[in-house]
Amino acid sequence: MDAHYRPEIIEPEAQQHWEEKQIFRAVEDPAKPKYYCLSMFPYPSGKLHMGHVRNYTIGDVLARYHRMKGFNVLQPMGWDAFGLPAENAAIANDVAPAGWTYANIDYMRGQLKRLGLAIDWSRELATCKPDYYRWEQWLFTRLFEKGLIYKKMATVNWDPVDCTVLANEQVIDGRGWRSGALVEKRDIPMYFMRITAYAEELLSELDHLPGWPERVKTMQRNWIGKSFGVEIHFPLSPSPAGARGEGGEGEAEPVLKVFTTRADTLFGVTYVAIAAEHPLAQQAADGNPELTAFINECKQGSVAEADLATMEKKGMDTGLKVYHPFTNEAVPVFVANYVLMGYGEGAVMAVPAHDERDFAFAKKYGLPIKPVIKPEDGDLAQPLAEAYVEHGVLFDSGDFSGRTSAEAIEAMALVLKNLKLGGKRTTFRLRDWGISRQRYWGCPIPIVHCPTCGDVPVPDDQLPVVLPEDVKIDVGSPIKKMPSFYQCACPKCGGPAERETDTMDTFVESSWYYARYACPDNASAMLDERANHWLPVDQYIGGIEHAILHLLYARFFHKLMRDVGLVKSNEPFANLLTQGMVIADTYFREAGDGKKQWINPADVEIRDGVAVLKADAQPVRVGGTEKMSKSKNNGVDPQALIDQYGADTARLFMMFAAPPEQSLEWSDAGVEGANRFLRRLWKAVHEHVEAGISEAYSGGDLPTTAKDFRRQLHQTIAKVTDDIERRKQFNTAIAAIMELMNALAKLEASDAASRAVKQEALEAVVLMLSPIVPHICRTLIKALKPGARMVGSPWPAADEAALARDEIEFMLQVNGKLRGKLRVPADAAREAIEAAALASPELQKFMEGKPAKKVVVVPGRLVNVVV
RNA sequence: GCCCGGAUGGUGAAAUCGGUAGACACAAGGGACUUAAAAUCCCUCGGCCUUUGGCCAUGCGGGUUCGAUUCCCGCUCCGGGCACCA
């Protein structure tokens, strides 16, 4: 074998071999347990970044490990190919989004192959291809017919200068990113998926996902936000004395509905707040120019929840009154900018004494603050300095005074129900999923608008509705100006009609791709029996940033597909590994018009503590440290690293840098060390092979040094196995192997038995490293064992007998402080250990002759004496 | 603002179920080899002190415990998500 490690030779050789022999092609095989290992597919933004390398190496390690453990492994790859950046790039570079996307896919596929991933490339898919999205359109028509997709008005960000809808990302400080115009809220019709119909199941099934991280399940639970509360109706006109609730059936009087989880505070209501778009607000604004102006002001700004939550809370009295359902007192109605139409009832009851936000609002507008809840064991100091938001005991609440919050909620709900003014209700924070996008580069929504038949889904035999790819992009979607696309005949009546020109949210494509990988070649059905063979995904790996939206939508889609008979399982992903983000510094310069131009960290260097652009040596401004992304241009391309050191070094370095779940601030400090380790490994195998290979040790007497080393070897095998399989923490597995190699280098014995142990160790090390650094290991295993193949070799097993030890070292503590150590026979009894510890000079010294009050013996670990 | 995480030497990190804080690396310093450099190998490497020993130390302030990086309470700062970035 070559005396030098040459990744530039062995890596292409290995990759060519894997590709030619189709080593990683997955074929359904009922004889073997299956293992479907899936990493989240990339958006083809142009180049890979370090986050991709991390994600796909983690997946590859797990896929290759399970292959060695005897599983039939499927690891596919594809492209989340529709999306906004393609349109932006198209405008910037005057190219079509399709061409830009396909070119990026070709380049990035080459980069992925250069990483040596054990992927079945025959299953590759791209979501922008009609043979993929036609099935999404097909399912859309099924769901539309089932009533699971419906149309309603929804609020979007509107750029009044460019006359386009903006993504939240494109609204910067309330202005359109390109035009700089103040963004407005505008209501437009959109299609919605009824995810709320599955809210209960999406919530309860989380309890049956033991393979998911607790934090992700917590985030999803909070997002779904099931809450038990009370719906309360505030009548719009006062009740004639005693008449409330005695109206006949069907004579529902006009009311303002609110929902609250704190019905116990009902007697503390001093106003109600409604959204600017609420019909009552519109009604009150008629002939009230001041209120009209305020309502218009509320319509400014973005629709993003983060913006709404942080903006200044403003309101205005409408002059309207509603009437308290119990006391019949008049309650003023305010329009408030923090209340959203389309979320709940678009109205909330306000109790300043017991809600922080209402308290601040009441102070600002001089509204009364009326406390009605006090702590069980005391009184409130009045006037209140801040809202008292805890549960407690009611007072000044009519017949309900003296009851606890919990009792009062039950009792009030019952009374409200009898009055036909509300009652108990369970609500979800989760809202239906608006899937319409007014963009070009997405999957066309398969609906035809007919003046006589209404919204007609496109029939199966007319699918797919193909998105034209040869287009020119400027402001707005080109298919909206393309009669050849939208003019059509109504599928029902044959009359002239127009095609829907909105496309679908790209989250729709990524909600079912994992299933399509099972049968990407099926031209006559969305999924077939192969989907049930492979699903659910055994291990899903992707960034923590997808903890809520993507993962919730994919779970929802799985249930939709189950309920139309496409899959049998309830959940798509049995085990989830949420990779921490690779983050990097962001740098920018402000152009004359105040817009930020983001500069890649690779083009920046720090001189005398100042960040400057390498090209002109002039300073740049430092932004935050954020996840690598195209929009902030802080993605670090792994290509230079791979070109210089090879794929194995890049993979090893990434896995050694930090545990997978932890976020990682990018730095290439330490790459040298990873490469150095691989060179040392190569050298160690080379020297051993030059001295003559032997059979691996399989029994017989060993010198003490070899026996001790062999114990460490098998401890390492046990640890590495546990680290990869259970803990999914690769940095400690690598560290353990490094320690073993350091010990091997110090093992000087050259007798036959010791050499057999060295052979055993090197074979085991090479096999244990092969999921992480497959190229070098493929060459090394061939050198160690002529005729051996890396792919197909079994994972090393720890030899229990080798793990046995004669003595154990105990830590000795006095009052919890380490004072000494003690070696005792491994089979020593507790009493003997305690006696030996108390007799030791170290403990004697620190006990200073005082008697032991207590002796704690932790088996196999330590003795702590309390004096 | 709300929800979810994180913080340990100069740096990345380790300590897996409450039991030796800093494994394994990087950087730095010293040395060997070399005409020289690179590469390689060896040594030192949390802070302080009265240095064969001791004290302090895991973002900050409290608490529980024989014992806390680990559990609880209250903060600070950083990262992610907030429904049209993906």
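Being a predicted model, the structure only gives us computed values, none of them experimental. Below, chains carry the letters A, B, ... as their sequence lines are ordered, and counting in each starts from 1.
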Would you kindly give the CZ-to-C1' distance between A:Arg221 and B:G5, to the nearest whole Å?
16 Å
When we call it a touch if two heavy atoms are under 4.0 Å apart, what does A:Ser436 touch: a base, just sugar-phosphate, or nothing?
base
Residue A:Asn815 excluded, over 12 heavy atoms near CG under 6.0 Å
yes
Does B:G61 sit syn or anti, given that only angles within 90° of 0 count as syn?
anti
Might you list the N or O atoms of the protein lying below 3.5 Å from N or O atoms in nucleotides 45-47 of chain B, with each pair's distance?
none

Rounded distance in Å between the P positions of B:U69 and B:C78:
26 Å
Under 3.5 Å, side-chain donor or acceptor atoms of residues 541-549 of chain A against the rest of the protein: list the pairs with distances, not counting sequence neighbours.
none

In whole Å, what is the span from the NZ atom of A:Lys728 to the C1' atom of B:U16?
14 Å
Would you check if A:Trp79 and A:Tyr43 make a side-chain contact, meaning some heavy-atom pair closer than 4.5 Å?
no
Just checking A:Val216: base, sugar-phosphate only, or nothing, at a heavy-atom cut-off of under 4.0 Å?
nothing
Counting the atoms with a prime plus P, OP1 and OP2 as sugar-phosphate, which does A:Glu665 contact under 4.0 Å by heavy atoms, base, sugar-phosphate, or nothing?
nothing
Nucleotide B:G81, atom C1' - distance to CG of A:Asn222 in whole Å
12 Å
Parallel under 30°, tilted from 30 to 60°, perpendicular over 60°: which one fits the rings of A:Tyr540 and A:His550?
tilted
Flag the pair A:Phe656 / A:Phe730 as yes when their ring centroid distance falls below 6.0 Å, and as no otherwise.
no
Scan A:Ala306 against the nucleic acid and name what it touches under 4.0 Å (heavy atoms): base, sugar-phosphate only, or nothing.
base
Please determine if a side-chain N or O atom of A:Ser667 lies less than 4.0 Å away from the OP1 or OP2 oxygen of B:G12.
no
Using a cut-off of 4.0 Å on non-hydrogen atoms, how would the nucleic acid contact of A:Glu661 be classed: base, sugar-phosphate, or nothing?
nothing
Taking the C1' atom of each, how far is B:A36 from B:C26, in whole Å?
27 Å
Nearest-Å distance for atom pair NZ/C1', residues A:Lys630 and B:C85
12 Å
Residues in side-chain contact (heavy atoms from CB on, under 4.5 Å) contact with A:Glu748, at least two apart in sequence or another chain
none
Nearest-nucleotide wise, let me know which of A:Arg679 and A:Arg727 is further upstream toward the 5' end of RNA chain B.
A:Arg727
Not counting sequence neighbours, which residues clear ring-ring contact (aromatic ring centres under 6.0 Å, His included) with A:Tyr133? List them please.
A:Phe82
From NE2 of A:His550 over to P of B:C82, roughly how many Å is that when rounded to an integer?
14 Å
Tell me whether A:Lys596 forms a cation-pi arrangement with A:Phe588, defined as NZ or CZ under 6.0 Å from the six-membered ring centre and within 45 degrees of its axis.
yes
Can you measure A:Ile195 atom CD1 to B:A83 atom C1' for me and round it to whole angstrom units?
10 Å
Whole-angstrom distance between B:A14 and B:G46, as gauged at atom C1'
15 Å
Could you give the distance separating B:U65 and B:G79 at their C1' atoms, to the nearest angstrom?
33 Å
Please report the distance separating the P of B:G29 from the corresponding atom of B:G81, rounded so that it comes out in whole Å.
40 Å
Whole-Å P distance, B:G5 and B:C72:
11 Å
Sequence-distant partners of A:Phe810, ring-ring contact (aromatic ring centres under 6.0 Å, His included), two or more places apart
none
Surrounding NZ of A:Lys313 (heavy atoms of other residues, nucleotides or ligands, distance under 6.0 Å), is the total greater than 12?
yes
Watson-Crick and G-U pairing of RNA chain B written in dot-bracket, each distance under 3.5 angstrom, with | for inter-strand partners:
(((((((..(((......[....))).(((((.......))))).((((...))))..(((((..]....))))))))))))....
Taking syn as a glycosidic torsion within 90° of 0 and anything else as anti, which one is B:U52?
anti
Which part of the nucleic acid, if any, lies within reach of A:Asp80 when heavy atoms closer than 4.0 Å are counted: base, sugar-phosphate only, or nothing?
sugar-phosphate
Hey, does A:Lys719 reach any base, or is it just sugar-phosphate, or nothing, if we go heavy atoms under 4.0 Å?
base
Kindly check if the number of other-residue, nucleotide or ligand heavy atoms within 6.0 Å of NZ (A:Lys152) is above 12?
yes
How long is the line joining NZ of A:Lys217 and C1' of B:G5, in whole Å?
16 Å
Between the base of B:U16 and the side chain of A:Arg726, is there any donor-acceptor pair under 3.5 Å?
yes
Over all strands shown, is A:Arg431 touching base, sugar-phosphate only, or nothing at heavy-atom distances under 4.0 angstrom?
base
Which part of the nucleic acid, if any, lies within contact of A:Pro659, taking any heavy atom under 4.0 Å across all strands shown: a base, the sugar-phosphate backbone alone, or nothing?
sugar-phosphate
Report which part of the nucleic acid A:Leu84 touches: base, sugar-phosphate, or nothing (heavy-atom distance under 4.0 Å, all strands).
sugar-phosphate
A:Arg54 CZ to B:A13 P: how many Å, rounded?
9 Å
P gap between B:A21 and B:C85, integer Å
49 Å
B:C82 and B:C48: how far apart are their P atoms, nearest whole angstrom?
46 Å
Contact letters for nucleotides 49-58 of chain B, in which S counts primed atoms plus P, OP1 and OP2 and B counts the base, heavy atoms under 4.0 Å:
----SSSS--
Within 45 degrees of the ring normal and closer than 6.0 Å to the centroid, is that where the cationic atom of A:Lys151 sits relative to A:Phe192?
no
Look at all strands and tell whether A:Leu430 reaches a base, only sugar-phosphate, or nothing, counting heavy atoms closer than 4.0 Å.
base
So, using ring-ring contact (aromatic ring centres under 6.0 Å, His included) as the criterion, who are the partners of A:Tyr132 when residues are at least two apart?
A:Trp512
Results of side-chain contact (heavy atoms from CB on, under 4.5 Å) for A:Glu87 - residues two or more places apart only
A:Arg439, A:Tyr440, A:Trp441
Establish, for the pair A:Arg679 and A:Tyr5, whether the NZ or CZ atom is under 6.0 angstrom from the six-membered ring centre and no further than 45 degrees off its axis.
no
Sort me out a list of protein N/O and nucleotides 78-80 of chain B N/O pairs below 3.5 Å, or just none if empty.
unit_1, atom_1, unit_2, atom_2, d
B:G80, OP1, A:Lys627, N, 3.1

Relative to its sugar, using the 90° cut-off around 0, the base of B:C17 is syn
Counting any heavy atom closer than 4.0 Å, what does A:Met190 reach on the DNA or RNA strands: base, sugar-phosphate only, or nothing?
base
Ignoring hydrogens and angles, write down the donor-acceptor pairs under 3.5 Å from the side chains of residues 856-863 of chain A, residues two or more places apart or on other chains.
none

Any side-chain N or O of A:Asn815 below 4.0 angstrom from OP1/OP2 of B:G67?
no
Could I get a table of every N or O pair under 3.5 Å where one atom is in the protein and the other is in nucleotides 23-26 of chain B?
unit_1, atom_1, unit_2, atom_2, d
B:A23, O2', A:Glu739, OE1, 3.4
B:A23, O2', A:Glu739, OE2, 3.4
B:A25, OP1, A:Asn742, ND2, 2.7
B:C26, OP1, A:Arg676, NH1, 2.5

Test the A:Lys217-A:Trp212 pair against the cation-pi criterion, namely NZ or CZ under 6.0 angstrom from the six-membered ring centroid and within 45° of the ring axis.
no
Give a yes/no on whether any side-chain N or O of A:Gln813 is located under 4.0 angstrom from OP1 or OP2 of B:A68.
no
